[in-house]
Amino acid sequence: MRIMNREEYAIKHAKRLVQIINESAEIAGKTKNSDTKLSRLNLAIKHLFAVKDLANQYPSIKLQQLDLLDFQLTKMKYDYLKKIFGD
């Protein structure tokens with residue numbers, strides 16, 4: 001059994017984080033439960049920062065549309081909080 005080096009592990013971890021980000025964003029967009037929506041948005045944003053950190057450490061990790069995803073998640077959270085708390 002071959003042991004992964006750090007970069008291979010980082011790439012694999014980044015891919016899994018992206019899956020979680022996408023799943024969380026999808027759930028947050030569909031759920032009617034406010035606790036679920038907020039927790040999934042927070043989870044997606046937290047993992048987005050982790051992916052950015054990995055990409056900074058390992059240049060072989062190429063991320064596409066990261067700024068757009070960051071904007072969309074932040075906007076979803078902002079719109080949700082604005083709806084709950086008002087202006």
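Heavy-atom basis, side chains included; hydrogens, waters and symmetry copies ignored. When a residue number appears, it is its place in the shown sequence, counting from 1.
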Chemist: Hey, are the side chains of I11 and Y58 touching, using non-hydrogen atoms and a 4.5 Å cut-off?
Modeler: no
Chemist: Measuring only between side-chain heavy atoms, which start at C-beta, is I61 closer than 4.5 Å to K15?
Modeler: no
Chemist: Would you give the length of the straight line joining atom CD of E7 to atom CD of Q57, rounded to the nearest 0.5 angstrom?
Modeler: 11.0 Å
Chemist: Give the minimum heavy-atom separation between E8 and I3, together with the two atoms involved.
Modeler: OE1-O, 4.4 Å
Chemist: Judged by modelled atom types alone, do E26 and N22 share a side-chain donor-acceptor pair under 3.5 Å?
Modeler: no
Chemist: How far apart are the closest heavy atoms of A25 and M76, and which atoms are they?
Modeler: O-CE, 3.9 Å
Chemist: One pair to check against side chain to side chain contact (heavy atoms under 4.5 Å, CB included): L41 and T74. What are the steps and the verdict?
Modeler: CA-CA 8 Å; L41 286 170; T74 302; over 6 Å; no
Chemist: Under the 3.5 angstrom rule, does the side chain of K37 hit a backbone N or O of A28 as a donor-acceptor pair?
Modeler: yes
Chemist: Which heavy atom of A14 sits nearest a heavy atom of V51, and at what distance?
Modeler: O-CG2, 4.1 Å
Chemist: Do NZ/NE/NH1/NH2 and the carboxylate oxygens of K83 and D79 come within less than 4.0 Å?
Modeler: no
Chemist: Could you see if L54 belongs to whatever hydrophobic cluster contains I20? Use Ile, Leu, Val, Met, Phe, Trp, Tyr and a side-chain cutoff under 4.5 Å.
Modeler: no
Chemist: Report yes or no: do F85 and Y80 belong to one cluster of Ile/Leu/Val/Met/Phe/Trp/Tyr joined by side chain heavy-atom distances under 4.5 Å?
Modeler: yes
Chemist: Any heavy-atom pair between the side chains of V18 and H47 that's under 4.5 Å?
Modeler: no
Chemist: Does Y78 share a hydrophobic cluster with F71, counting links as ILVMFWY side-chain heavy atoms below 4.5 Å and allowing steps through other members?
Modeler: no
Chemist: Just so I know, are the side chains of K75 and Q72 near enough to count as touching, which here means a heavy-atom distance under 4.5 Å?
Modeler: no
Chemist: Between S39 and T36 (side chain of the first, backbone of the second, donor and acceptor by atom type, cut-off under 3.5 Å), is there such a pair?
Modeler: yes
Chemist: Examine distances only and state if a side-chain atom of T31 and a backbone atom of I27 form a donor-acceptor pair shorter than 3.5 Å.
Modeler: no
Chemist: Minimum heavy-atom separation for I45 to L73, with atom names?
Modeler: CG1-CB, 3.9 Å
Chemist: For a quick test of reading the model, state the closest non-hydrogen atom pair linking S24 to L43 and the distance between them.
Modeler: OG-CD2, 3.5 Å
Chemist: To check you understand the geometry: which heavy-atom pair defines the closest contact between L17 and A50, and what is its length?
Modeler: CD1-CB, 3.8 Å
